[in-house]
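To start, the structure under review is shown below, and the notes come after it.
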Amino acid sequence: AQKITQTQPGMFVQEKEAVTLDCTYDTSDPSYGLFWYKQPSSGEMIFLIYQGSYDQQNATEGRYSLNFQKARKSANLVISASQLGDSAMYFCAMRLTGGGNKLTFGTGTQLKVEL
Amino acid sequence: DTAVSQTPKYLVTQMGNDKSIKCEQNLGHDTMYWYKQDSKKFLKIMFSYNNKELIINETVPNRFSPKSPDKAHLNLHINSLELGDSAVYFCASSQRLAGYNYEQYFGPGTRLTVT
């Protein structure tokens, strides 16, 4: 069975600094996808970035990049130039290709951006 | 304009009642999901429908019954509500093309409180 681990329950970062949110995963399936979602205090789930297991390059979307290290089974999210609006809960999730497209989520990391 | 909408946003009810949550997506997606987020923010898949056909049914009590009248709608009916059903319920949708499943877009969530 697949598993996602986020070991940082809470993180602080100063505005304009970069921050890395950790995510490790466990699966024996060679084909999978890794996702990051943001959940602000208002409650909605916002898709940020996606990395496929066969993608050769790390995914990037604006200030978000995914540091994908396949051998280590890690998919860390890097947020550059943090903004106050980045304060939120961040979830890492994995989808197995043959798993009916269900997402298995980690427990989340609460990020607080400070002035 | 809303891509994935849910009604109601808040639902407060007493134990033993039956209630429904409605979900609609206007993205043209063919797959829809229900997730449950508990008080510790942990998200777990409950059900998934692809083209109105149930494809994921996780270990969920029989009191929960999803219904998909068409590809754009997935409703969740809950019978004999219990205190433990209090949670935020998220609907999501995605598109499956040529065997590839794209990212899921989430609705705003329905906060269910059972008293």
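Chain naming here is simple, since letters A, B, ... match the order of the sequence lines and numbering starts at 1 in each. As a basis for the values below, the full set of heavy atoms in this structure was taken, side chains included, without hydrogen atoms, waters or symmetry mates.
Put simply, the side chain of Gln6(B) gets close to the backbone of Cys91(B): a donor and an acceptor are under 3.5 Å apart. Using a distance-only test at 3.5 Å, with no hydrogens or angles considered, a donor-acceptor pair links the side chain of Tyr49(B) to the main chain of Pro66(B). Between the Gln51(A) side chain and the Ala59(A) main chain, a donor and an acceptor come within less than 3.5 Å of each other.
Considering every non-hydrogen atom in both Leu27(B) and Ala3(B), the closest pair reads CD2-CB, 3.6 Å. In this structure, Ala88(A) and Pro40(A) approach most closely via the heavy-atom pair CB-CA, 3.7 Å. Of all heavy-atom pairs between Gly43(A) and Gln39(A), the closest is O-NE2, 2.9 Å. Taking both residues in full, the closest heavy atoms of Ser94(B) and Tyr33(B) are given as OG-OH, 2.6 Å, listed atom of the first, atom of the second, then distance. Considering every non-hydrogen atom in both Gln6(A) and Tyr90(A), the closest pair reads NE2-O, 3.1 Å.
Among residues 61-83 of chain A, no residue has any heavy atom closer than 4.5 Å to a heavy atom of chain B. Residues of residues 12-22 of chain A never come closer than 4.5 Å to chain B when only heavy atoms are counted. Residues of residues 105-115 of chain A placed with any heavy atom under 4.5 Å of a heavy atom in chain B are listed by number as Phe105(A), Gly106(A), Thr107(A).
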For the pair Met15(B) and Leu81(B), evaluate side-chain contact (heavy atoms from CB on, under 4.5 Å) and give the outcome as yes or no after the intermediate values.
CA-CA 5 Å; Met15(B) 281 174 55; Leu81(B) 278 154; 6.0 Å; no

Please evaluate residues Asn75(B) and Ser20(B) with respect to the criterion side-chain contact (heavy atoms from CB on, under 4.5 Å), reporting the C-alpha separation (whole Å), side-chain torsions for both, the decisive distance (0.1 Å), and the verdict.
CA-CA 7 Å; Asn75(B) 303 325; Ser20(B) 291; 5.8 Å; no

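Applying the disulfide (SG to SG under 2.5 Å) test to every pair with at least one member in residues 28-59 of chain A, sequence neighbours left out, gives no pairs at all.
Taking the six-membered ring for Trp and the full ring otherwise, Phe47(B) and Phe64(B) have centroids separated by 6.0 Å or more.
Using cut-offs of 30° and 60° for the angle between ring planes, the Phe106(B) and Phe90(B) rings count as perpendicular.
For Leu43(B), the parts lying near chain A are the backbone and the side chain together; criterion is any non-hydrogen pair under 4.5 Å.
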